[in-house]
Every structure is written in C-alpha cells, then in structure tokens.
Q: 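Before we start, here is the structure in question, set down as structure tokens.
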Protein chains: 2
Amino acid sequence: MEQEDLKRIQMKLPFLQDAEDKLLQEFSRLVRIQMIPAGTTVFWEGDVCHSLAVLLSGSVRVFKAGENGREITLYRFGPGGGCILTASCIMNDGNFPAIAQVEEEAEAVIIPANVLRDWVNRFYSWRQFVLGLLAQRLADVITTVEEIAFRRMDARLAEWLLANRTQESRFVQTTHHKIAEELGTAREVISRLLKDFEMEGLILLSRGEIEIHAPEKLKLKMK
Amino acid sequence: MEQEDLKRIQMKLPFLQDAEDKLLQEFSRLVRIQMIPAGTTVFWEGDVCHSLAVLLSGSVRVFKAGENGREITLYRFGPGGGCILTASCIMNDGNFPAIAQVEEEAEAVIIPANVLRDWVNRFYSWRQFVLGLLAQRLADVITTVEEIAFRRMDARLAEWLLANRTQESRFVQTTHHKIAEELGTAREVISRLLKDFEMEGLILLSRGEIEIHAPEKLKLKMK
DNA sequence: ACGGCTTGGTGACTTAGTTACATACATTAC
DNA sequence: GTAATGTATGTAACTAAGTCACCAAGCCGT
C-alpha cells in the first residue's frame, strides 16, 4: 500500500489516527483495499469467516432471512464500520449468524482473520476499535428487539419514512417491498398502512415514491 | 481472597484454568466474592456500570421492559457467564441498555471496571473471555430477533414448555404471566394458547403448574 | 370467615400476518 | 406502436396476535 493511500485511510478511520506506529506499518503491509459493488453479498448465513471488512465508503446492511421469504434488518453500517460479526466468528470459531449485503458500492480494507487476531493481542487502539464495534452492534440489535417486540407497525413505519426522506425532506424513493424487509413485516402490511396514511392526508403514494405531505402530523404517529 | 477460594473459583471459570500466573495473583487480590439473593436487580436500564459480575452459581436474566408493562427476555446466563453488557458499557462509556435481574440466588465475583479494562490490555486469557462473552451475547440477541420476527407464538410456546420441564420431564412450574414475559407477549395470549393445547390433549393446566401429557405431539407444534 | 392478592378464563375488539388474486405501470421484444 | 413480460401496488378474506375490560377461582393472613 502506498504512503498516500495510508494517509487517505487514516482520514476515514479515526482509530488509526492515534494508532501505534507499528500498527500503521503492518496495516499498510498486510491489508488490501477493495471495491465492492452494490448488491454483493459479503457473507451468507453459516459462512466461516476468513477476514474482516472495514468500510471506507458505501454501506452494508446486515439482516436475517426467514424461510417464508421475509427479512429483517439487524443493523447497517457505513464508513468506519466493520462487519464485526465476522470478528465474533473468528474469536469463537463460530459461523456467521446472518447475511451481510453491500447496499451502496463500498470501498473496504480487508484484514485477514489471523492478522486481526494478532492485532487484538498486540495493539491497544485496534483492541478498542474491535470492542467498540462489538458493543455498538450489541446495542443496535437490542434496539431492534425492543422495536419489534413493543412498538406498533404504524409508529415504526412513520418513523422510518421521516428518517429516510431526502434532503428536500419530502420524498422517499423506495418500494413497499423494501420497507417491509427493512421493518421485518410483509409487503401487504406496509401497503395497507401507507394507504391509511394517504387517506389521512399525511402522504401521497406513487409508483416507487412516497411524498410526505404533512411531516408534523406524521411525527405524531410515531408514538 | 484465600488460596482455597481461588482454587474453587478456578474450577468454575474455565478461562482461569490456563490463565497467566500474574492474572491469577491480581485476581485473588482485586476481586471480591459476593452472594446476590434471588430477585435482586443487578442493573437498571440507563445505569452507568462500575463493575462486572461473573457468576459462580445461580442465574441472571437480562430483559427489556416496554412502557405497557410487557417484557422480553434478551438472554440469561449462569455459572461462568458475565453481565457483559456492563463491559460493553465500560468500553464505550455508554449506559446499560436493559435490565439484569438475579433469578436463582447467585454467587458472583465482582470485578471493578478499571481493573477489567486493565486486564483486557494485559492478559490474553482475559481478553478471550471478554470477547467470547460479547460474541455469545450478540449471537443470543440475534436469535431472539429471529424468534420474534419470524416464528409463531404457539411454536415458541411449545418449545419453551419442552425446554423448561423438570427432570421427570412432565411438569413446568410457573405462571402464565411469567411465560408471557419470557416470550415477550401478553398473559392473555399465553392463556389462550395453553387452553388450545389443553383442548388438544397435549397438556393439563392447573394453578401455577402445567403438566405435559404428550411431549411428542407438543414437539410437532414447534414447527 | 373475611378481605385482599394472585392467577387464570373469556369475550369483544384492534392490529398484524397470510393467502390469493387483480390491476397498474415500465421495459424490452417484435 | 403494440404485445409480452416483469415489477409494483391494491385489496378482500381469513388467521394469529395484542389490547381492554372484567370475572372467577384459589391462596394467604388475620
């Protein structure tokens, strides 16, 4: 890896900014950079993991799939985030318990499993990075449990719409199917609830796009 | 801590069996043993954590509570297990994202947060222990998500009954309310499903106790 | 025996998930 | 342009799950 590549990567990965010199040296020697196109499945459920991918750009969605074709998002991560379930696998030799898929084309640094393990033992900054990622993921998934166990679907849908609108804060470009996978329910349920929202004048539906008419009123639906 | 105490603890905590001598020394100097009676709430949601409890006996249940009084179990742990959400808190200075409560009276070793942090940096065996716990919890919670997002309540109930019967493998001593909290649903739902099972001749209901009549047939309900 | 508490039962209603289609729009093939 | 195909959405009917309101039976202490 070139010196300028390392500089660029350091900008994007905070833990490298105050990392040990030795870690930086080994980093530029042992890690390779790779572009991963949108749609690529990084890990399948049950895979044994041989490396950890840490993102420099793009985003990855980690989700569970049920037999009936339904899905639910566990969490997603972007630049600076890593597919840490892989690390957890490496630690206790287990298999990957979910599916990880690139959503927006990603640039990632790929760290082989044995290197990762070695670094955990030798470098404080890397240790903090890995433990921080694991703890964050645990918190994310616990939040997901809370959502699906206790909150109503209309409230979750309202929140999702508001969180995923564009800058102009009026439009959401997606399909009912994708929202359903996001929230872990069936497409029909989403279609029904969206229709209800439209009846109440909160939103306006068209193919592949939802226009938010009354964001304030939609906010009230959140709880 | 006495030498014989340490020996006893080593028997119960596998990671101490091939631990560094120095870790064992500091362990017996810095850690205290404590009995915690059943019903004690070890951590409340939002608590800042100052120590990690690792169990020698007994069991702890970690759960989320919703506003409406409902609960759902995230995971539980017994001897050798630790309340690792606390460790995750210590790492990134966050708050405890759930409630942890002692179910069966527990004997625990209490490790102060600063000691825990120090050990993570210095001892391989302790590092493995902490990472292993975190990874295990993550896997547990992901399993919980899968359960509530995709499986039907009657299947989950059947599985729970079979998993929680006594040695004689016929009786489960609990209340409908407790099962509901376990599975993250309402008491009425559990009562209704149990009644259905009774109608089908699978179980026999009485106050505070459920007798399993036809375990094989109940097993079929699991999926 | 009385009163209060815990546990379980039940009906009516709302919300969510499933099944099975029908319809509308968009893209490509001809 | 029109047909064919695939994707996206609409909807009705039904089952499963969650909520609300209340009642009844068992249990415990005085």
Side-chain angles (χ1 to χ4, degrees), chain A residues 39 64-72 144-161 171-200 203-211 221-223, chain B residues 39 64-72 144-161 171-200 203-211 221-223:
Chain A
K64 266 276 180 191
E67 342 63 72
N68 43 0
R70 270 170 58 200
E71 296 183 357
I72 183 161
T144 303
V145 171
E146 195 175 16
E147 288 274 302
I148 56 184
F150 300 133
R151 284 185 77 197
R152 286 183 35 173
M153 195 53 80
D154 54 355
R156 296 175 58 205
L157 176 57
E159 178 165 24
W160 191 91
L161 288 173
F171 295 95
V172 183
Q173 293 202 333
T174 188
T175 67
H176 300 186
H177 182 68
K178 280 187 185 147
I179 302 177
E181 291 188 334
E182 198 64 28
L183 300 180
T185 183
R187 197 266 311 161
E188 294 86 331
V189 173
I190 297 297
S191 291
R192 190 158 57 204
L193 291 173
L194 285 174
K195 211 67 197 163
D196 292 347
F197 285 168
E198 191 177 41
M199 292 300 180
E200 298 177 62
I203 61 175
L204 205 145
L205 299 175
S206 55
R207 189 186 176 86
E209 187 174 74
I210 298 161
E211 180 178 351
K221 290 274 172 184
M222 280 174 51
K223 165 73 251 156
Chain B
K64 266 277 181 191
E67 341 62 72
N68 44 0
R70 270 170 60 201
E71 297 182 358
I72 185 162
T144 303
V145 170
E146 195 175 17
E147 289 273 302
I148 55 185
F150 300 133
R151 283 185 75 197
R152 286 184 35 174
M153 196 51 82
D154 55 354
R156 295 175 59 205
L157 176 57
E159 178 165 24
W160 190 91
L161 288 173
F171 296 95
V172 183
Q173 293 202 332
T174 189
T175 67
H176 300 186
H177 182 68
K178 280 187 185 148
I179 303 178
E181 291 188 334
E182 199 63 27
L183 300 180
T185 182
R187 198 264 313 163
E188 294 89 322
V189 174
I190 296 297
S191 293
R192 190 157 57 206
L193 291 173
L194 285 174
K195 211 68 198 161
D196 292 348
F197 285 169
E198 191 178 40
M199 293 298 180
E200 298 177 62
I203 62 175
L204 204 144
L205 299 175
S206 55
R207 190 186 177 85
E209 188 174 74
I210 298 161
E211 181 178 351
K221 289 274 170 182
M222 280 173 51
K223 169 67 252 154

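Order of the sequence lines fixes the chain letters, A, B, ..., with proteins taken first and strands second; residue numbering starts at 1 for each chain.
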Q: Please report, rounded to the nearest Å, how far the P atom of D/dG18 is from the CG atom of B/Leu157.
A: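 One finds 12 Å between P of D/dG18 and CG of B/Leu157, rounded.
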Q: Check the distance between D/dT15's P and B/Leu193's CG and give it to me in whole angstrom.
A: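 It is 16 Å, rounded to the nearest whole Å.
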Q: How close or far is atom C1' of D/dT15 from atom CG of B/Asp196, stated in whole angstroms?
A: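 After rounding, the gap between these two atoms is 12 Å.
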Q: Restricting to salt bridge (charged side-chain N to carboxylate O under 4.0 Å, His left out), what partner residues turn up for B/Glu159, sequence neighbours left out?
A: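 Result, salt bridge (charged side-chain N to carboxylate O under 4.0 Å, His left out) vs B/Glu159: B/Arg151.
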Q: Please report the shortest heavy-atom distance between B/Ile72 and A/Val145, naming the atom on each side.
A: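 Smallest interatomic distance, heavy atoms only, reads CG2-CG1, 4.0 Å.
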Q: Can you give me the first and the last nucleotide of DNA chain C (5' to 3') that has an atom within less than 4.0 angstrom of a non-hydrogen atom in chain A?
A: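 Under 4.0 Å from chain A, the extent on DNA chain C is C/dT15 to C/dA26.
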Q: What does the list of N/O pairs under 3.5 Å between the protein and nucleotides 9-12 of chain D look like, with a distance for each?
A:
| unit_1 | atom_1 | unit_2 | atom_2 | d |
| --- | --- | --- | --- | --- |
| D/dT9 | OP1 | A/Gly208 | N | 3.0 |
| D/dT9 | OP2 | A/His176 | N | 2.9 |
| D/dG10 | OP1 | A/Lys195 | NZ | 3.1 |
| D/dG10 | N7 | A/Arg187 | NH1 | 2.9 |
| D/dG10 | O6 | A/Arg187 | NH2 | 2.8 |

Q: Which residues satisfy the salt bridge (charged side-chain N to carboxylate O under 4.0 Å, His left out) test with A/Glu200, sequence neighbours excluded?
A: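 Testing A/Glu200 for salt bridge (charged side-chain N to carboxylate O under 4.0 Å, His left out), a comparison that skips the adjacent residues, returns A/Lys221.
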Q: What pair of heavy atoms forms the shortest contact from A/Met153 to A/Thr185, and how long is it?
A: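 Smallest heavy-atom distance, with atoms named: CE-CB, 3.5 Å.
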Q: Scan residues 177-186 of chain B for pairs that pass salt bridge (Lys or Arg N to Asp or Glu O under 4.0 Å), counting only residues two or more places apart or in two chains.
A: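 Matches after skipping sequence neighbours: B/Arg61-B/Glu182, B/Arg76-B/Glu182.
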Q: What pairs with B/Gln173 under side-chain contact (heavy atoms from CB on, under 4.5 Å), at least two apart in sequence or on another chain?
A: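 With sequence neighbours excluded, B/Gln173 shows a side-chain contact (heavy atoms from CB on, under 4.5 Å) to B/Glu209, given in chain and number order.
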Q: Using five base pairs at each end, measure the axis-to-axis angle across the helix from C/dA1-D/dT30 to C/dC30-D/dG1 and round it to 10 degrees.
A: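 Helix axis angle between the two ends: 20°.
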Q: Taking only residues two or more places apart in sequence or in another chain, which ones pass side chain to side chain donor-acceptor pair (under 3.5 Å) with B/Arg207?
A: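 B/Arg207 satisfies side chain to side chain donor-acceptor pair (under 3.5 Å) with no residue once adjacent residues are dropped.
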Q: Could you tell me which residues satisfy side chain to side chain donor-acceptor pair (under 3.5 Å) with A/Arg187, sequence neighbours excluded, listed by chain and number?
A: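 With neighbours one apart ignored, the set is A/Ser191.
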Q: With sequence neighbours left out, write down each residue that passes side chain to side chain donor-acceptor pair (under 3.5 Å) with B/Lys64, or none if nothing qualifies.
A: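 By the side chain to side chain donor-acceptor pair (under 3.5 Å) rule, B/Lys64 matches A/Glu146, B/Glu45.
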